[in-house]
Amino acid sequence: MRPMIKVIQTAQGRPETWKELDQIELNSVYNMRMDTVEVNSDKSFQTHMGFGGAFTEAAAYTLANTSEENRKEIIRAYFDKEIGLGYNLGRTTIHGCDFSLEPYIYIEENDHELATFDIGREDQWVVPFIKDAEKAAGEKLTLLCSPWSPPAFMKNNKDINNGGRLLKKYYKTWAEYMVKYIQKMGERGIGISMISIQNEPEAKQTWASCKFDATEEAEFAVEYLYPELKKAGLAEQVGILIWDHNRDKMYRRVKESMAYPKARDVIWGVAYHWYGPEQSENLTMVHENYPEKHLIFTEGCVELVNDSGGTSSTAGMGAWKHGETYGRNIINDFNNYNEAWIDWNLILNECGGPNYVGNFCEAPILIDRKTDEIIYNKSYYYIGHFSRYIRPGAKRIQCSSDAGKGLYSVAYKNPDGETVIVVQNELNRQKRLALVINGMGANTELPPHSITTFIVP
């Protein structure tokens, strides 16, 4: 009996998303004169950890201020493994970020001893959101935490916003603060598995931000954060990530950080974002030089007010090309050794907020505050073409294409043995394609501006 391929497709101009089409048959005879995507399951690469999104205060607040029915639907839409995206990862912020209602910290200002440390603010919205998500997922989430800025008194500019640098005399105190956050979340039954040194350490922003150079980041990790994690008995549980900024400079940053003594022993992986040039090949440069380091995508969104190149948009909320931005970046990053993919805000309001400096962004799911309507953006469905079918523990397998610009493809083998291939067609025309898997092929047609998931048992 010849293998049959299950086909799930979302296409512009067609009302149904994740539409299951008629199955196609793999044959030893197929049209070899067509553009080809060829998969070889005998050659494998990195292991997939999963997908997730960020539990920012803005997201949690937005969720808490919609109806109970909407809250349940949104949580299922992200974390339910049968009907939703099946998210198993997440990101939290160590006190406030721009997607908070305001800047905030966990201590009273100038508390050098951290005697007033209290994360109680997170109990109002963020902690309940995570717990409800874990209930819907049926498992504990793997969570990353990231800081946007130390408290103002620890910085040379005496401001939580507008960049500045952490003063050397507060390196140990700030490391203690970060570890206290992990401990306090643990007391609430929420485990943190990864921590990045600093969100976007080369950015001076009008919102919470702080600058570290590559050597400072490594020094902080090796001399301060790792010892504090070890003292707390968390060094084996929590992996330290560096960079947490854009792909364009990640290789040179990683190389400089890893040159610091013992950095390679202490640093677990590299976090990165997608803003700026789409240079996924830089991930492979990092992997080839530091193959033991984990490459984790920790933030991406379509920006509505800033100009960061390919991920900024004047097309307006919900444009089809925003979904394509997600699909293209996911495929290209996966093909360059990404292991985990964490989106930015899980949910925002219809304006792309709240954000205390008006840095509005799109999220895959929005809530219209006037109508209390749930809005599913195209990015939600594009993410689903990967997250619903590529399971944690899957291995990326060889996937080659001669189809040229505008068509992107990637393949994985799930732990149960099934093969999943995702092909995105960004062209304005239908694309005829030969899909070849381990020497057997099938001919298919991809609609313009479509994404298709093929599954072979």
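Screening residues 154-167 for salt bridge (Lys or Arg N to Asp or Glu O under 4.0 Å) gives Arg165-Glu216 as the qualifying pairs, with residues at least two apart or on separate chains.
Remark: the Asn335 side chain and the Tyr408 side chain contain no N/O donor-acceptor pair separated by less than 3.5 Å. There is no side-chain donor-acceptor pair under 3.5 Å between Tyr78 and Asp343. A donor atom on one side chain and an acceptor atom on the other are found under 3.5 Å apart for Asn336 and Thr284. Defined by atom type and a distance below 3.5 Å, a donor-acceptor pair is present between the side-chain atoms of Tyr260 and Glu223. Using a 3.5 Å distance cut-off with no hydrogens or angles, the side chains of Arg91 and Thr298 do not pair a donor with an acceptor.
Side-chain atoms of Ser67 come within 3.5 Å of backbone atoms of Asn70 as a donor-acceptor pair (strictly under, hydrogens ignored). Side chain of Asp244 to backbone of Ala271: no donor-acceptor contact under 3.5 angstrom is found.
Using cut-offs of 30° and 60° for the angle between ring planes, the Phe212 and Tyr171 rings count as tilted. Under the 30°/60° scheme for interplanar angles, the aromatic rings of His95 and Trp174 are found to be tilted. The aromatic rings of Phe153 and Tyr170 sit perpendicular to each other, their planes meeting at more than 60°, with 30° as the lower class boundary. Using cut-offs of 30° and 60° for the angle between ring planes, the Trp148 and Trp344 rings count as parallel.
For the pair Asp333 and Arg247, the salt-bridge criterion is met [side-chain N within less than 4.0 Å of a carboxylate O]. Taking a cutoff of 4.0 Å between a charged side-chain nitrogen and a carboxylate oxygen, Glu256 and Lys249 do not qualify as a salt bridge. In summary, Arg71 and Glu68 engage in a salt bridge, as defined by a charged side-chain N under 4.0 Å from a carboxylate O. Taking a cutoff of 4.0 Å between a charged side-chain nitrogen and a carboxylate oxygen, Lys231 and Glu228 qualify as a salt bridge. The pair Arg121-Glu57 meets the salt-bridge criterion, with a side-chain N (NZ, NE, NH1 or NH2) lying under 4.0 Å from an Asp/Glu carboxylate O.
With Tyr326 as the fixed residue, the ring-ring contact (aromatic ring centres under 6.0 Å, His included) test singles out one of Tyr382, Phe51, Trp274: Trp274.
The shortest side-chain heavy-atom distance between Asn161 and Pro103 falls under the 4.5 Å cut-off. The shortest side-chain heavy-atom distance between Asn377 and Pro364 does not fall under the 4.5 Å cut-off.
Other residues, nucleotides and ligands place no more than 12 heavy atoms under 6.0 Å from the CD atom of Glu69. Within a 6.0 Å radius of NZ in Lys72, other residues, nucleotides and ligands contribute 12 heavy atoms or fewer. Remark: Tyr61 OH is loosely packed, at most 12 non-hydrogen atoms of other residues, nucleotides or ligands lying under 6.0 Å away. When the shell of 6.0 Å around CD of Gln237 is examined, it contains more than 12 heavy atoms from other residues, nucleotides or ligands. The neighbour count for Glu187 CD, taken as heavy atoms of other residues, nucleotides or ligands under 6.0 Å away, is above 12. Within a 6.0 Å radius of CD in Glu292, more than 12 heavy atoms belonging to other residues, nucleotides or ligands are found. Other residues, nucleotides and ligands contribute more than 12 heavy atoms inside 6.0 Å of the NZ atom of Lys81. A 6.0 Å sphere centred on CD of Glu109 holds more than 12 heavy atoms belonging to other residues, nucleotides or ligands.
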Given His385 and Thr453, is the side chain to side chain donor-acceptor pair (under 3.5 Å) satisfied, shown in steps? CA-CA 6 Å; His385 271 275; Thr453 301; 2.9 Å; yes
Run the numbers on Lys180 and Glu176 for salt bridge (Lys or Arg N to Asp or Glu O under 4.0 Å), then give the verdict. CA-CA 6 Å; Lys180 278 182 177 290; Glu176 291 172 352; over 6 Å; no
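For the atom pair Arg253 CZ and Met258 CE, the distance stands at 12.0 Å (nearest 0.5 Å).
Ring-centre distance between Phe129 and Phe55: below the 6.0 Å cut-off. A distance below 6.0 Å separates the ring centres of Phe297 and Trp341. For Trp18 and Tyr380, the distance between ring centers is under 6.0 angstrom. In summary, the aromatic rings of Tyr381 and Trp320 are positioned with their centroids too far apart to meet the 6.0 Å limit.
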